[in-house]
Protein chains: 2
Amino acid sequence: MSMPLPSATAEVRIHEILFSIRQVFAEKGFDGASMQDLARSAGMSVGNFYRYFPSKAAIVQAMVGLDLAEIEQDFAEILVSSDPMAGLRAKILSRMTEDCMDDGQLWAEITAAAIRKPEIGIAATQMEATIVAHLVAIFARVTGRDQSQAEARYFGHCQMLVMLAKAVAMRTSQCGPASPALAAMVVQTIDQILTEIANDTAES
Amino acid sequence: MSMPLPSATAEVRIHEILFSIRQVFAEKGFDGASMQDLARSAGMSVGNFYRYFPSKAAIVQAMVGLDLAEIEQDFAEILVSSDPMAGLRAKILSRMTEDCMDDGQLWAEITAAAIRKPEIGIAATQMEATIVAHLVAIFARVTGRDQSQAEARYFGHCQMLVMLAKAVAMRTSQCGPASPALAAMVVQTIDQILTEIANDTAES
DNA sequence: ATTTCGTGAATGAACGTTCACTCTCAGCTC
DNA sequence: GAGCTGAGAGTGAACGTTCATTCACGAAAT
């Protein structure tokens, strides 16, 4: 479809491909999207496509990796900001309302595929672990505890936050934007988790 | 594979087929499971299989319908019990620990397929609506409000509960049983939703 | 001159679906 | 009872399509 763009290095090229493929994968699913479909959406021939990704699972792995990199950047910004807790809250809420429509669909597919293909499952599990680790780091900073103490205390909170965010995204892509009543419940739950942690600062 | 069993009516037969198919669908996914696979698992030929289900989507629709019927029976028992709130809580928690391993996998597949195939999406949406309606009925009874008032007040709570239950089931099938910390968070959140409603009884 | 980037036809397997067919058995006539 | 009938349950080969993957080959770039 799109002109190949005379662009730079192979890694950049892979990013471009992943970006242009994204929607096809979300719309047709892991098994539903054929290599022919994907190659066409990437604006290249099948043969050439295989030079970039040796298998379908590799595509998903790369896509997860890309999403993770993006999220890690968000976390980096939040961690060094003056009010990490507020920044985190804003990020979570914006994730839920902003780009969900596409992302939720994709996550539903990845979640389903993760259970079947071990390689995808590993990537997905690793992603959650990484996010949780970043959340723990933020909470450690906010409460003034060290990393391991924060992990022991807030591990469940972090997992809960991740699960909630994913669930909302998936629901949104299936049913359309959440009803105000549901949105209110979600926000309330998140706020409660966050304030419970914020009020749990270590005495000096 | 299995002897045809001399069993009764066509409807019963369909239940048997759905039961024996379930696992294949969960393991291979909507597109991944072929009609040949499914027919073999049902212990019959492809041709005969098509006499029971005209398409793959029809299978999922029937499967959702069966699950819904089962859930409706659970709700019926809860509604007439002496302490519906406790019964409901027990049911939700048992759903999350008991049969999740298989069910979560299946729900991940259905959720993903629901976004792609409108017919499946409709069935899934209807299922959620039905469950929410039953929850509203229980909360109406517990708080002594009428149906429409209960709906206006607790719609978000109900949707939240359904979303949470689904999310936990899907997570369990992907990562194994939730960590104690996460389980505690989930239970806490559910209990909070339920007690918030229980404390909101209408003054007489 | 060699590596990289690109093509798209070819291949063989597997797919969803159809179809012509068999088998079984209850109900009917004689 | 013997013989016919037509409907329901079941079969599996066959059809046309699409799939993932490969490959022989051309164009550009170093």
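We name chains A, B, ... by the order of the sequence lines, and we start the count at 1 in each one.
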With sugar-phosphate meaning primed atoms plus P, OP1 and OP2, does A:A33 contact a base, only sugar-phosphate, or nothing at under 4.0 Å between heavy atoms?
sugar-phosphate
Position toward the 5' end of DNA chain C (nearest nucleotide), B:G32 or B:G47:
B:G32
Measuring from the side chain of A:Y50 (C-beta onward, heavy atoms only), which nucleotide among D:dT21, C:dG6, D:dG8 has the closest atom?
D:dT21
In whole Å, what is the span from the NZ atom of B:K28 to the P atom of C:dA14?
11 Å
In whole angstroms, how far is the C1' atom of D:dG10 from the CZ atom of B:R40?
17 Å
Please check: side-chain N/O of A:R22 versus main-chain N/O of A:L106, any donor-acceptor pairing under 3.5 Å?
no
Taking A:A167's backbone N and O only, do any of them form a donor-acceptor pair with B:K166's side chain (distance below 3.5 Å, no angle check)?
no
Just the rounded figure in Å: distance from P of D:dT17 to CE of A:M35.
24 Å
A:R51 vs C:dT3: side-chain N/O to OP1/OP2 distance below 4.0 Å
no
B:M85 side chain reached by B:L194 side chain, heavy atoms, under 4.5 Å
yes
Is there a side chain to side chain contact (heavy atoms under 4.5 Å, CB included) between B:R95 and B:D103? Walk through the geometry before answering.
CA-CA 9 Å; B:R95 277 255 157 203; B:D103 273 8; 3.8 Å; yes
Do the side-chain N or O atoms of B:Y52 get closer than 4.0 angstrom to the phosphate oxygens (OP1, OP2) of D:dG10?
yes
Report, one line per pair, each donor and acceptor closer than 3.5 Å where one atom sits in a side chain of residues 109-122 of chain A; sequence neighbours left out.
residue: A:E109; atom: OE1; partner: B:R116; partner atom: NH2; Å: 3.3
residue: A:E109; atom: OE2; partner: B:R116; partner atom: NE; Å: 2.6
residue: A:E109; atom: OE2; partner: B:R116; partner atom: NH2; Å: 3.2
residue: A:T111; atom: OG1; partner: A:W107; partner atom: O; Å: 2.6
residue: A:R116; atom: NE; partner: B:E109; partner atom: OE2; Å: 2.7
residue: A:R116; atom: NH1; partner: A:D31; partner atom: OD2; Å: 2.6
residue: A:R116; atom: NH1; partner: B:K28; partner atom: O; Å: 3.4
residue: A:R116; atom: NH2; partner: B:E109; partner atom: OE1; Å: 3.4
residue: A:R116; atom: NH2; partner: B:E109; partner atom: OE2; Å: 3.2

Of the listed C:dG16, C:dT17, D:dT21, the closest approach to the B:S34 side chain comes from C:dG16
Out of C:dT17, C:dA9, D:dC19, which has the shortest distance to the side chain of B:V46?
C:dT17
Using modelled atom types only, decide if a donor and an acceptor are shared between the side chain of B:N199 and the backbone of B:T195 within a distance under 3.5 Å.
yes
Identify, with sequence neighbours excluded, every residue that meets ring pair (Phe, Tyr, Trp, His ring centres under 6.0 Å) alongside B:F53.
B:F49
Nearest-Å distance for atom pair CZ/C1', residues A:F53 and C:dG6:
16 Å
Under 4.0 Å between a side-chain N or O of A:Q36 and OP1 or OP2 of D:dA20?
yes
To the nearest Å, how far apart are B:D37 CG and C:dT17 C1'?
15 Å
Tell me whether the OP1 or OP2 atom of D:dT11 has a side-chain N or O from B:S45 closer than 4.0 Å.
yes
Anything under 3.5 Å between a protein N or O and an N or O of nucleotides 24-26 of chain D, put it in a table, one pair a line.
none

B:A57 near the nucleic acid: base, sugar-phosphate alone, or nothing, with a heavy-atom cut-off under 4.0 Å?
nothing
Parallel, tilted or perpendicular, as decided by the 30° and 60° cut-offs, for the rings of A:F75 and A:H134
parallel
Distance, rounded to the nearest Å, where A:M44 contributes CE and C:dT7 contributes P
7 Å
Rounded to whole Å, how long is the line connecting atom CZ of A:F49 with atom P of D:dT22?
14 Å
How many Å lie between CG on A:N48 and C1' on C:dG6, as a whole number?
5 Å
